[in-house]
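The structure displayed is predicted, hence computed values, not measured ones. Note on naming: letters A, B, ... go to the chains in the order of the sequence lines (proteins, then strands), and numbering restarts at 1 for each one.
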Protein chains: 2
Amino acid sequence: MATIFDVARMSKVSIGTVSNVLNNPEKVKTETRQRVLEVIKALNFHPNLSARNLSRLRTDTIALIFPFSKRNRMEPYYTYLLAGITEICFQMNFKLLLSSCTTNINEKEELSIYAEYVESQAVDGLIVTTPKSCDERIKFLVETKQNFVVLGRSNISLDFPWVDIDGSYGMSEAVRYLSTLGHKRIGYIGTPNIFMFSRHRLEGYERGLNNCNIEFDPELVVEVSINEDEVEAGEKGILQLLRLNLPPKAVIVSGNQLALGVIKGINKFGYAVGKDISLICFDDAEWNVHFNPPITSIRQPIYETGKMLSKILIQQIKGVKIKDSHILLKPELIIRESCKKYG
Amino acid sequence: MATIFDVARMSKVSIGTVSNVLNNPEKVKTETRQRVLEVIKALNFHPNLSARNLSRLRTDTIALIFPFSKRNRMEPYYTYLLAGITEICFQMNFKLLLSSCTTNINEKEELSIYAEYVESQAVDGLIVTTPKSCDERIKFLVETKQNFVVLGRSNISLDFPWVDIDGSYGMSEAVRYLSTLGHKRIGYIGTPNIFMFSRHRLEGYERGLNNCNIEFDPELVVEVSINEDEVEAGEKGILQLLRLNLPPKAVIVSGNQLALGVIKGINKFGYAVGKDISLICFDDAEWNVHFNPPITSIRQPIYETGKMLSKILIQQIKGVKIKDSHILLKPELIIRESCKKYG
DNA sequence: CCCTTTAATTGAAGCGCTTCAATTAAAAAT
DNA sequence: ATTTTTAATTGAAGCGCTTCAATTAAAGGG
C-alpha cells in the first residue's frame with residue numbers, strides 16, 4: 001500500500017507538502033497541489049489512520065457501550081438510538097466504536113470496559129446510557145476529565161452533559177389523560193428503582209396524581225425486579241393489580257416489554273384491553289399501533305436523542321462552546337384506543 | 001498520561017522489556033516482570049492503541065456497515081445481529097466499528113465507505129450485509145483481497161466466506177405446512193428481487209409448491225418495490241391478492257414489517273387472520289407471539305448468525321484455518337394460530 | 001574454573017503520519 | 001535593482017509503540 005513517502009517521491013515534493021495538500025490545502029501552491037493530488041489518485045493513496053491518530057493524538061472516534069441484557073437485545077429503542085448516533089457521526093466524519101456488556105456483568109468489570117477505552121486513548125469520547133443511581137461510570141469519567149455525554153440524568157452532584165427524555169412529564173401527562181377519562185385508581189407497573197429513568201417516571205406518576213387531586217395509593221404501584229424476564233414480569237405485575245380488593249381500571253406500564261406481558265396477563269384474566277381495563281404504554285414500540293386495540297403510548301423521540309447525544313459529544317471533543325449541554329426532550333402522548341372512560 | 005517510556009525509566013529497564021512484559025511475558029524474568037508490572041499499576045499505564053496499531057500494522061478492529069433505511073431502522077433483526085457480533089468481539093478482544101449508510105445512497109458512495117475503511121487501514125476486516133445481485137462491494141473486497149464475510153450469499157462466481165440463513169428451506173417448509181392444511185392456492189408477498197435473500201425465499205416458495213404438486217401461479221406472487229414503506233406495501237400487497245377472482249386463502253409474507261401491513265389489510269378487508277385467511281410470517285419478530293391470534297412464523301437464528309459472522313471473520317484475520325467458511329443455518333417454522341385448515 | 005549454551009535485556013530502527021521552525025522562492029515596495 | 005514582505009517548501013523531530021539483531025547475564029557441562 002502506498003504511503004505518504006511514495007507520494008512525496010513521485011510528485012517530487014517533501015512529505016510535509018503532501019501532508020499539507022491533505023490537511024491544509026490552502027497552504028500549498030495550486031499547481032503543486034494539483035500535481036500531488038494526481039499522484040495521490042494514481043497511487044490510490046489513503047493516509048494510514050493509525051499513523052494519523054498517533055501523530056495527532058486523537059482518533060475522531062467515539063464509543064458507545066451497549067448494555068445488552070437479554071432484555072434490551074429486543075428493544076427496538078436501541079435501533080433508533082443507533083440510527084441517530086451513526087447519522088451524526090457520518091455527517092461529522094467521526095467513527096463509532098460499539099461494544100456491548102451484559103447488564104449482569106458486575107459494576108467493576110463494566111467500568112473497566114470504559115476505562116480501557118479511555119486510558120488506551122482508543123476513543124476521544126463516550127456515550128453513557130441508562131445511568132443508575134450514583135453511577136460509577138459517571139463518577140469515573142468526571143474524575144478523569146473525559147469527554148462524555150449521558151443518555152439520562154443522574155442523582156450525583158457533579159456537572160456533566162446529558163440528553164434525556166422527560167419521563168416525569170410523560171407520566172404525568174398519562175395520568176392527566178386517564179384522569180380526564182374519569183379514572184381515580186390508576187395502576188403503575190414500573191422498572192427497577194436503581195435506574196434513574198425509573199425514578200423520574202414514577203415521580204411523574206405521583207406528580208400527575210397530585211395535580212389531579214388523586215391520592216397516591218402505594219398498593220397500585222408494582223416495581224418489577226431487575227434480571228427478570230420483562231414480559232413475564234409484566235404479566236405477574238398486572239395480575240397482582242387485578243387481584244386487589246379494589247383493582248384499578250386503568251394502568252400505566254413503563255416499557256414495551258412489560259406492556260406485552262401486561263396485555264397477555266389481562267387477556268388471561270379474561271379481561272379485554274380498552275374495554276375492561278385502560279392501558280397506556282410508556283415508549284411507543286412500532287407494534288403498538290398494530291395491536292387490537294391499538295395501544296395508547298407515550299412516544300419518546302429516541303432518534304433525535306441519538307442525534308443530540310453524538311452532536312454534543314463531538315462538539316465537546318472539538319472544543320466547540322456548547323450553549324446548552326443539558327437537554328431535556330419532551331415525549332408525546334399518542335392517544336389510540338386502549339383507554340376508555342371510567343365506569 | 002504515562003507512556004511506555006515512563007514505565008521503562010521508573011522500573012529501570014528498557015522499553016523493549018516493558019513491551020515484552022505486556023506482549024511476551026514469558027520472555028522476561030519473573031522478578032523483572034513483577035517490578036515492571038508494579039510500576040505499570042502505579043502509573044496506571046495503558047499502552048496507546050494508535051501507537052500499537054501503527055507499529056503492528058493491524059487494529060484488531062472489524063467494521064459493520066449498517067444499511068439504515070427508514071425500513072430497517074425498525075427491524076429488531078439488527079439488534080439481535082449486533083448482540084451476536086459484539087459478544088464475539090468482546091470475547092476475542094476485538095473492537096467493532098459501526099457505521100451506517102442509508103440505502104438510498106447511491107452504490108458508488110456506499111462502496112466508497114467500504115473503501116475508505118479498507119484503504120486507510122482503519123479495520124482489519126468487514127462484515128457485509130444484505131448482498132444484492134452482482135454486489136459491487138463483494139467484487140471490490142475480493143479484488144482487493146480484503147478480509148471480509150458476508151451475511152448472505154451472492155450470485156457472482158467468486159469464492160468468499162459467508163453465513164446465511166436458508167430462506168429457501170424456510171419458505172418450502174411454510175408451503176409444506178400450508179399444503180398439509182389443505183391449501184392449494186398460497187399467496188406470496190416478497191421483498192425486492194434485487195436482494196439475494198428475496199430470490200432465495202421466492203425460489204423456496206416455488207420449490208415448496210413443486211414438492212407438493214401444486215402448480216405455480218404467478219398471479220399469487222406480489223413483489224414489493226424497494227424504497228416503499230414496508231407496512232404500506234404489505235397492505236397494498238394483500239389487498240391485491242384478496243381482490244383476485246380466485247383469492248388465496250393462505251399467504252406467506254417475507255418480512256415482519258410487510259406482515260404488519262398485511263394484517264392491517266386483512267382486517268380492513270373485513271377478514272380475520274387465522275380464520276378467513278391463513279398467514280405465515282418469515283422472520284419471527286417478538287411481537288408475533290403476542291398478536292391475536294399469535295402468528296405462525298419462520299424464526300431465523302439471527303443472534304447465532306451474528307456470532308458466526310464475527311467468529312469466522314476474526315479467525316480469518318488471525319490467519320486461523322477455517323474448516324468451513326460457507327455456513328447455512330436453518331430457520332425454524334414456529335406453528336402458532338394464524339393458519340387453519342382450508343375450507 | 002573455564003567454556004559453551006541458554007536466558008534475559010538492550011538499543012535502535014522502524015511503523016506512517018503531523019507539525020513547525022528554518023529555509024528558499026516569489027512578489028511587493030522602495 | 002535592491003531590500004522588504006509574503007508565500008511556498010523543506011527537513012527533522014516527534015507521536016508511542018513493536019520487533020529483532022546484538023549484547024550481556026546466568027546457567028550448565030566437562
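- The distance between atom CZ of B:Arg35 and atom C1' of C:dA8, rounded to the nearest whole Å, is 12 Å.
- For A:Leu57, the listed nucleotide lying nearest its side chain is D:dG16; candidates were D:dG16, C:dG16, D:dT9.
- Screening B:Leu151, B:Val123, B:Leu309, B:Leu82 for a side chain to side chain contact (heavy atoms under 4.5 Å, CB included) involving B:Leu64 leaves a single residue, B:Leu82.
- Between B:Thr32 and B:Ala51, it is B:Thr32 whose nearest contact on DNA chain C lies nearer the 5' terminus.
- In this structure, A:Asn48 does not reach the C:dC17 phosphate: none of its side-chain N or O atoms is under 4.0 Å from OP1 or OP2.
- Taking atom CZ on B:Arg52 and atom C1' on D:dC15, their separation rounds to 16 Å, with Å as the unit.
- Among the nucleotides D:dT9, D:dG16, C:dT18, the one closest to any side-chain atom of B:Thr3 is D:dG16.
- Contacts of B:Ile15 with the nucleic acid, taken as non-hydrogen atoms under 4.0 Å apart, include base atoms.
- You'll find that the side chain of B:Lys29 is closest to C:dT9, out of C:dT18, C:dT9, D:dT18.
- Side-chain atoms of B:Leu54 lie closest to C:dG16 of the nucleotides C:dG16, D:dT18, D:dC15.
- Summarising the geometry, the separation between CZ on A:Arg56 and P on D:dC17 is reported as 20 Å, rounded to the nearest angstrom.
- Contact annotation: the side chain of B:Tyr114 never approaches that of B:Gln146 to less than 4.5 Å [non-hydrogen atoms, C-beta and beyond].
- Of the candidates C:dT9, D:dT10, D:dT18, the closest approach to any side-chain atom of A:Val13 belongs to D:dT10.
- Here D:dA7 presents its P atom at 15 Å from CG of A:Asn24, a figure rounded to the nearest Å.
- Note on ring orientation: taking the six-membered ring where Trp is involved, the planes of B:Tyr78 and B:Phe66 are perpendicular (angle over 60°, cut-offs 30° and 60°).
- A salt bridge links A:Arg9 and A:Asp6; the closest N-O separation between the charged side-chain nitrogens and carboxylate oxygens is under 4.0 Å.
- Across all strands, B:Asn23 comes closer than 4.0 Å only to sugar-phosphate atoms, never to a base (heavy-atom distances).
- The B:Ser14 side chain lies nearest to C:dG11 when the options are C:dT18, C:dA8, C:dG11.
- Distance A:Lys27 NZ to C:dT19 P: 8 Å, rounded to the nearest Å.
- Here the closest non-hydrogen pair linking B:Leu49 and B:Lys95 is CD2-NZ, 3.7 Å.
- Taking atom CD1 of residue B:Ile4 and atom C1' of nucleotide D:dC15, one finds them 13 Å apart after rounding to whole Å.
- For B:Met1 and D:dC15, the CE to P distance is 16 Å, given to the nearest whole Å.
- The distance between atom CZ of A:Phe5 and atom P of C:dC15, rounded to the nearest whole Å, is 10 Å.
- Side chain A:Ser55 to base D:dG14: a donor-acceptor pair is found below 3.5 Å.
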